[in-house]
A.B. asks: 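Input: one structure, supplied below.
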Amino acid sequence: MSDKPIIFSGIQPTGCSTLGNYLGALKNWVDLQNDYNCIFSVVDLHSITVRQDATALRKRCMDFLTQYLACGIDGEENIVFFQSHVSAHAELSWILNCFAYMGELNRMTQFKDKSAKHADNINAGLYTYPVLMAADILLYQTDLVPVGIDQKQHLELCRDIAIRFNGIYGDVFKIPEGYIPKEAARIMSLQDPTSKMSKSDPNVNGFISILDDPDTIKRKFKRAVTDSEGEIAFRDGKDGINNLLNIYSAVTGQSVEQSVNEFAGLGYGVLKERVAEAVIEELRPMQERYADLTKNKDYINKIYTEGAKRAGYMAAKTLRKVHRKLGYVDR
Ligand code: ATP
Ligand code: LTN
């Protein structure tokens, strides 16, 4: 790898990737890939905090990795791999568990939300999930972590753990920074614009899947919940309209203010149609590449096998350093 700064990010293979994942994460990965050495993982270890069907999970993991490439990530220039293929993630995660406090983990809002959602299965993995995420990041001496704003708290925990560890053992880990986009940091559900668009939402009308066809996208935007005021403006209390304006701005690359001006005097119907059109056009090239790539299994296989090899090499280096600092006998 060249001496450009390092990026690490990942998405868990649950549900199907949404417009939220695309605008909050994937699109930025593509934009950043030329200026950084990038490591993008399908974080399959994270996904089993919720019970998964093995056959479906295996297929979904492949679909997610293929989507990374279809979005425009160059899998040869960058490292693209499955988290479970590099055992150092689980190994460092155990070690970092011993440097994370229960008080810290208790404060994680994602843990609180997910425990409420899966009250019948509040497993220890759900609780220590942010520690595994810290291990993902710290293994690669990562400089920058591009994520949506919902991951900010996890990232701060990662930094705290790294600073604590370095405080005891010297300069072991690079302290990573977050890269959180402004407009697209938090895309909201189309059915409940006060909660985030989530790929595990049981209501499929709440999210746009990045593989949805144009008719489905139009239909979902048409049904999007708005308000009864009829005025296109961006302000508190207009969650549905704010969300549509955010999506439109993120896709077109213009500011929210410019979008508000563009729609001045027009009705909600027009806004919904234009947002749908913009999203369809944004996703079209990715969907075409995706269809091609799914036919090329050998290529995909080569990308993730090579990816795991390169990632494994980098991760082993950090893990070796950690082991030495802790006092383990050399292998
Ligand atoms: P789940 O519903 O299974 O919890 P998710 O949709 O929240 O999943 P993650 O795998 O947790 O997706 O997140 C992957 C990346 O996408 C993260 O960087 C996250 O911040 C980003 N992301 C997820 N949802 C949104 C959203 N609605 N808006 C912006 N970014 C998002
Ligand atoms: N927890 C993240 C996914 C994730 C991640 C990471 C993101 C796992 N490990 C490392 C960035 C860096 C989420 O979005 N739910």
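Counting starts at 1 for both ligands and their atoms, following the listed order. For this chain, numbers begin at 1 and follow the sequence in order.
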A.B. asks: Which residue and atom name correspond to the protein heavy atom nearest atom 8 (C) of ligand 2, and how close is it?
C.D. replies: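 Nearest neighbour among protein heavy atoms for atom 8 (C) of ligand 2, to 0.1 Å: His46 CE1, 3.3 Å.
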A.B. asks: Report the part of Arg186 in contact with ligand 1, treating N, CA, C, O as backbone and CB onward as side chain, heavy atoms under 4.0 Å; options are side chain, backbone, both, neither.
C.D. replies: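 For Arg186, the contact with ligand 1 is made by the backbone alone.
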A.B. asks: Counting each atom of ligand 1 from 1 as listed, which ones have a heavy atom of Gly24 under 4.0 Å away?
C.D. replies: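 Going through ligand 1 atom by atom, the ones under 4.0 Å from Gly24 are 29 (C), 30 (N).
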A.B. asks: For residues Gln254 and Ser259, is any side-chain donor paired with an opposing acceptor at under 3.5 Å?
C.D. replies: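 Present: a donor and an acceptor within the cut-off.
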A.B. asks: Give the residue and atom name of whichever protein heavy atom lies nearest to atom 15 (N) of ligand 2, and the separation in Å to one decimal.
C.D. replies: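 Ranking protein heavy atoms by distance from atom 15 (N) of ligand 2, first comes Tyr129 OH, 2.9 Å.
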A.B. asks: For ligand 1, does Lys114 get within less than 4.0 Å through its side chain, its backbone, both, or neither, judged by non-hydrogen atoms?
C.D. replies: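 The part of Lys114 near ligand 1 is the side chain, not the backbone.
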A.B. asks: If we only count N/O pairs under 3.5 Å, is Asp150 in contact with ligand 2?
C.D. replies: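 Between Asp150 and ligand 2 (N or O atoms, distance only) the closest approach is not under 3.5 Å.
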A.B. asks: One residue to check: Val147. Relative to ligand 2, which of side chain, backbone, both or neither has a non-hydrogen atom less than 4.0 Å away?
C.D. replies: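 Just the side chain.
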A.B. asks: Would you tell me whether Thr194 and Asp239 have side-chain atoms, one donor and one acceptor, within less than 3.5 Å of each other?
C.D. replies: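 No - no donor-acceptor pair under 3.5 Å links their side chains.
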A.B. asks: Look at atom 2 (C) of ligand 2 and say which protein heavy atom is nearest, naming residue and atom and giving the distance to 0.1 Å.
C.D. replies: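 For this ligand atom, the closest protein heavy atom is Gln151 OE1, 3.3 Å.
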A.B. asks: Have a look at Asn21, Ile11, Asn243 and point out the one with the heavy atom closest to atom 23 (C) of ligand 1.
C.D. replies: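 Selected option, by shortest heavy-atom distance: Asn21.
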A.B. asks: Can you measure from OH (Tyr22) to SG (Cys71) and round to the nearest 0.5 angstrom?
C.D. replies: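 Between Tyr22 OH and Cys71 SG, I get 5.5 Å after rounding to 0.5 Å.
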A.B. asks: Pull out every atom of ligand 1 sitting under 4.0 Å from any heavy atom of Gly148, numbered as shown with elements.
C.D. replies: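 So the answer, numbered in order with elements, is 18 (O), 19 (C), 20 (O), 30 (N).
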A.B. asks: Taking only heavy atoms of Ala25, which atoms of ligand 1 are found under 4.0 Å from at least one of them?
C.D. replies: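 What qualifies from ligand 1 is 15 (C), 16 (O), 18 (O).
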A.B. asks: Suppose I only count heavy atoms of Thr14 and a 4.0 Å limit; which atoms of ligand 1 are within that range?
C.D. replies: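 Near Thr14, the atoms of ligand 1 are 3 (O).
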A.B. asks: Can a salt bridge be assigned to the pair Lys174 and Asp143 using a cut-off of 4.0 Å between side-chain N and carboxylate O?
C.D. replies: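 Judged by the 4.0 Å cut-off on N to carboxylate O distance, Lys174 and Asp143 do form a salt bridge.
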A.B. asks: Enumerate the atoms of ligand 1 whose separation from the nearest heavy atom of Gln151 is less than 4.0 angstrom.
C.D. replies: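 With Gln151 as reference, the close atoms of ligand 1 come out as 20 (O).
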A.B. asks: Relative to atom 3 (C) of ligand 2, which among Gly10, Pro130, Pro176, Ser9 owns the nearest non-hydrogen atom?
C.D. replies: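 Selected option, by shortest heavy-atom distance: Gly10.
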A.B. asks: Ligand 2 versus Val145, non-hydrogen atoms closer than 4.0 Å: side chain, backbone, both, neither?
C.D. replies: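 Side chain only; the backbone of Val145 stays clear of ligand 2.
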A.B. asks: Report the relative orientation of the aromatic rings in His323 and Tyr328; use parallel for angles under 30°, tilted for 30 to 60°, perpendicular for over 60°.
C.D. replies: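 Aromatic pair His323/Tyr328 classed perpendicular.
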A.B. asks: Record the part of Ile137 in heavy-atom contact with ligand 2 below 4.0 Å; permitted values are side chain, backbone, both and neither.
C.D. replies: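 Contact part for Ile137 vs ligand 2: side chain (C-beta onward).
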A.B. asks: Give yes if a backbone or side-chain nitrogen or oxygen of Ser9 is under 3.5 Å from a nitrogen or oxygen of ligand 1, and no if not.
C.D. replies: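 N/O-N/O distance below 3.5 Å does not exist for this pair.
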A.B. asks: Counting heavy atoms only, which of Val147, Leu26, Leu23, Asp150 is nearest atom 20 (O) of ligand 1?
C.D. replies: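 The nearest heavy atom belongs to Asp150.
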A.B. asks: Show which atoms of ligand 2 fall inside a sub-4.0 Å distance from at least one heavy-atom site of Val43.
C.D. replies: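 Counting atoms of ligand 2 from 1, those under 4.0 Å from Val43 are 8 (C), 9 (N).
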